[in-house]
**Q** 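Pasting in a structure now, in structure tokens, and then I'll have a few things to ask.
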4 protein chains.
Amino acid sequence: MIQINERSLLPLYEQIVQQMKELIAKGVLQEGDKIPSVRELSAQLLVNPNTVAKSFQELERQGIIVTHRGKGTFVAKRAAAPGMERERIEQLQAELRHVVVEARHLGISREQFSAWTEEEWRRFGGE
Amino acid sequence: MIQINERSLLPLYEQIVQQMKELIAKGVLQEGDKIPSVRELSAQLLVNPNTVAKSFQELERQGIIVTHRGKGTFVAKRAAAPGMERERIEQLQAELRHVVVEARHLGISREQFSAWTEEEWRRFGGE
Amino acid sequence: MIQINERSLLPLYEQIVQQMKELIAKGVLQEGDKIPSVRELSAQLLVNPNTVAKSFQELERQGIIVTHRGKGTFVAKRAAAPGMERERIEQLQAELRHVVVEARHLGISREQFSAWTEEEWRRFGGE
Amino acid sequence: MIQINERSLLPLYEQIVQQMKELIAKGVLQEGDKIPSVRELSAQLLVNPNTVAKSFQELERQGIIVTHRGKGTFVAKRAAAPGMERERIEQLQAELRHVVVEARHLGISREQFSAWTEEEWRRFGGE
DNA sequence: GTGGTCTAGACCACT
DNA sequence: GTGGTCTAGACCACC
């Protein structure tokens with residue numbers, strides 16, 4: 001389910017984090033679902049177990065998943081994030097700004113950009 | 001004109017590259033305009049000259065600026081490097097996807113997201 | 001300045017985190033001070049560099065220190081923690097409760113406990 | 001009477017140990033009282049019997065409870081294991097120090113901290 | 001020189 | 001079996 005791109009600038013563990021979040025946003029993984037174990041995933045992705053473990057720890061820190069000692073790792077119930085949201089929202093806006101600037105630079109039209117946005121938005125959880 | 005954030009995850013030279021591009025996107029810097037020298041900028045930003053030089057190399061690689069030996073560095077004509085556009089567009093779409101996924105995880109509504117996009121789009125030169 | 005106890009139940013990286021915080025609370029390390037590098041500390045403590053690095057990343061996550069690429073790691077300016085404080089304060093109260101329960105179990109008197117508290121409080125930053 | 005928190009960092013068996021001690025400190029369980037069996041407790045807490053058994057072993061090791069083969073498990077007389085007290089007191093002081101350091105990092109005032117301590121102290125049996 | 005990432009492989013605590 | 005910790009040693013980006 002997850003594709004690792006060795007040539008990407010993103011660290012492997014970040015790729016896993018992002019794609020895990022995509023799977024959850026898409027609904028492929030739902031609240032309470034069990035996630036493949038560190039060892040399973042590392043074998044499947046041909047990546048070191050430590051790297052997968054790091055991803056899981058980061059996802060847990062973000063309140064996306066929870067781990068139960070000896071049992072495994074599961075998709076968390078929503079609304080875990082307490083108060084630090086504002087900070088993350090600001091970061092998100094900064095990233096959005098960056099994307100817009102890049103788009104204008106590449107000569108993307110407003111319409112094209114909106115179409116892409118709509119497509120991605122539909123892709124992750126309809127609405 | 002450029003703001004350096006020491007605490008950002010982005011490398012200093014990347015911050016300079018991005019903000020340079022923003023300045024051009026906004027029209028503050030126009031085709032053919034002369035850009036401050038490496039020494040000037042490094043003094044102004046309190047950043048190592050090597051770092052500024054690296055930014056300029058990157059901008060030149062992307063076809064955003066051109067340097068004329070002994071004369072200085074200038075904003076390039078909207079030629080843009082030929083074949084690598086497709087690659088950069090794909091990267092842009094990947095970034096857009098990432099931003100959308102993050103937004104959904106933070107519980108942002110479709111309307112809110114569109115509003116932000118519009119705001120950013122307007123911000124960089126009305127079109 | 002830091003003492004590692006191999007026999008402790010606490011992970012090595014946690015011991016480093018805690019003692020670092022103690023040094024800062026005591027004022028031995030002050031805002032803006034440079035912290036020994038990962039390699040220095042790991043050599044000094046006879047601990048793997050990765051372990052020290054993990055401590056630093058945890059301290060940075062808590063807003064206690066900041067790292068500047070290629071320059072080193074420094075004690076952060078206060079007031080970094082944004083909104084997640086409430087959560088941490090609740091955790092602190094839980095720990096305090098635990099300590100009190102343990103104390104009563106060991107037959108410590110109220111006076112003895114207060115004396116210890118006062119001593120520790122004086123130890124870290126007077127007032 | 002005992003609340004299990006699956007998401008806590010503490011092992012399940014440690015949570016049981018601590019809360020058992022709290023119940024005794026509060027006087028809910030008194031010297032000589034019979035304690036529910038491993039099976040009863042495990043059914044009630046929805047926890048593996050092995051886990052409960054481990055808690056009981058730990059409590060017995062600390063001299064808090066005693067088991068009489070075929071009769072059941074009981075709250076011990078306040079004998080407490082002889083030599084290991086010093087060790088536990090030292091550990092307690094280390095924990096207290098840690099709590100104080102955390103409090104200072106969170107900007108808690110001396111008065112606030114004292115108030116909390118008093119509250120907790122009162123909470124577990126007025127003395 | 002600095003910290004960040006990754007691999008390989010080991011041991012431990014918990015279920 | 002699960003995740004968490006630690007070591008050893010490598011490579012990389014940044015300054």
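Side chains are part of it too, since the values below use all heavy atoms of this structure and drop only hydrogens, waters and symmetry mates. Letters go in sequence order (proteins before strands), and every chain restarts at 1.
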**Q** Atom CD in D:Glu102, atom CD in C:Gln91: separation rounded to 0.5 Å?
**A** 7.5 Å
**Q** Relative to the 5' end of DNA chain E, which residue comes earlier, C:Gln57 or A:Glu6, by the nucleotide with the nearest heavy atom?
**A** C:Gln57
**Q** How do C:Ile35 and A:Glu14 order along DNA chain E: which one's closest nucleotide is nearer the 5' end?
**A** C:Ile35
**Q** Would you say a side-chain N or O of A:Tyr13 is under 4.0 Å from OP1 or OP2 of E:dC6?
**A** no
**Q** Any side-chain N or O of C:Lys54 under 4.0 Å from OP1/OP2 of F:dC6?
**A** no
**Q** Expressed as a whole number of angstroms, how long is the span from C:Lys71:NZ to F:dA13:C1'?
**A** 15 Å
**Q** Determine whether the side chains of D:Glu40 and D:Gln44 contain a donor N or O and an acceptor N or O closer than 3.5 Å.
**A** no
**Q** Let's see if you can work this out: which of F:dT7, E:dT2, E:dG3 has an atom nearest to the side-chain heavy atoms of C:Glu40?
**A** E:dT2
**Q** If you take atom types as modelled and just measure distance, does the side chain of C:Asn50 reach the base of F:dG9 with a donor-acceptor pair under 3.5 Å?
**A** yes
**Q** Counting distance alone, no hydrogens or angles: does the base of F:dG3 have a donor or acceptor under 3.5 Å from a partner atom on the side chain of A:Arg39?
**A** yes
**Q** Bend across the helix from E:dG1-F:dC14 to E:dC14-F:dG1, to 10°, with axes taken over 5 pairs at each end?
**A** 20°
**Q** Contact between A:Arg88 and B:Leu106 at the side-chain level, heavy atoms closer than 4.5 Å - yes or no?
**A** yes
**Q** Please report the distance, rounded to the nearest Å, between CD in C:Glu58 and P in F:dT5.
**A** 10 Å
**Q** With a 4.5 Å limit on heavy-atom distance, are the side chains of C:Leu12 and C:Ile4 in contact?
**A** yes
**Q** Of the options E:dT7, E:dG3, E:dT5, whose atoms approach the side-chain atoms of A:Pro11 most closely?
**A** E:dT5
**Q** Round to a whole Å and report the spacing from CG of D:Asn48 to C1' of F:dT2.
**A** 14 Å
**Q** So does C:Thr67 get a side-chain nitrogen or oxygen closer than 4.0 Å to the phosphate oxygens (OP1/OP2) of E:dG3?
**A** no
**Q** Check whether any side-chain heavy atom of D:Met20 sits under 4.5 Å from a side-chain heavy atom of D:Ile64, and report yes or no.
**A** no
**Q** Figure out the CZ/P separation between C:Phe74 and E:dG1, and round it to whole Å.
**A** 17 Å
**Q** Rounded to whole angstroms, how far apart are CG on C:Leu59 and P on E:dG3?
**A** 13 Å
**Q** Distance check needed: F:dT2 P versus A:Phe56 CZ, whole Å only.
**A** 11 Å
**Q** Check whether any side-chain N or O of A:Thr51 sits under 4.0 Å from OP1 or OP2 of E:dC6, and answer yes or no.
**A** no
**Q** Could you state the NE2-C1' distance from C:His68 to F:dA13, rounded to the nearest angstrom?
**A** 17 Å
**Q** Checking contacts here: which listed nucleotide (F:dC15, E:dG4, F:dG3) is nearest the side-chain heavy atoms of B:Leu12?
**A** F:dC15
**Q** Are the side chains of C:Asp33 and C:Phe74 in contact, using a 4.5 Å heavy-atom criterion?
**A** no
**Q** Taking the side chain as every heavy atom from C-beta outward, state whether B:Val17 and B:Lys21 have any atom pair closer than 4.5 Å.
**A** yes
**Q** Are any non-hydrogen side-chain atoms of B:Thr67 and B:Glu60 less than 4.5 angstrom apart?
**A** yes
**Q** When the distance from CZ of A:Arg7 to P of E:dC6 is rounded to whole Å, what number comes out?
**A** 16 Å
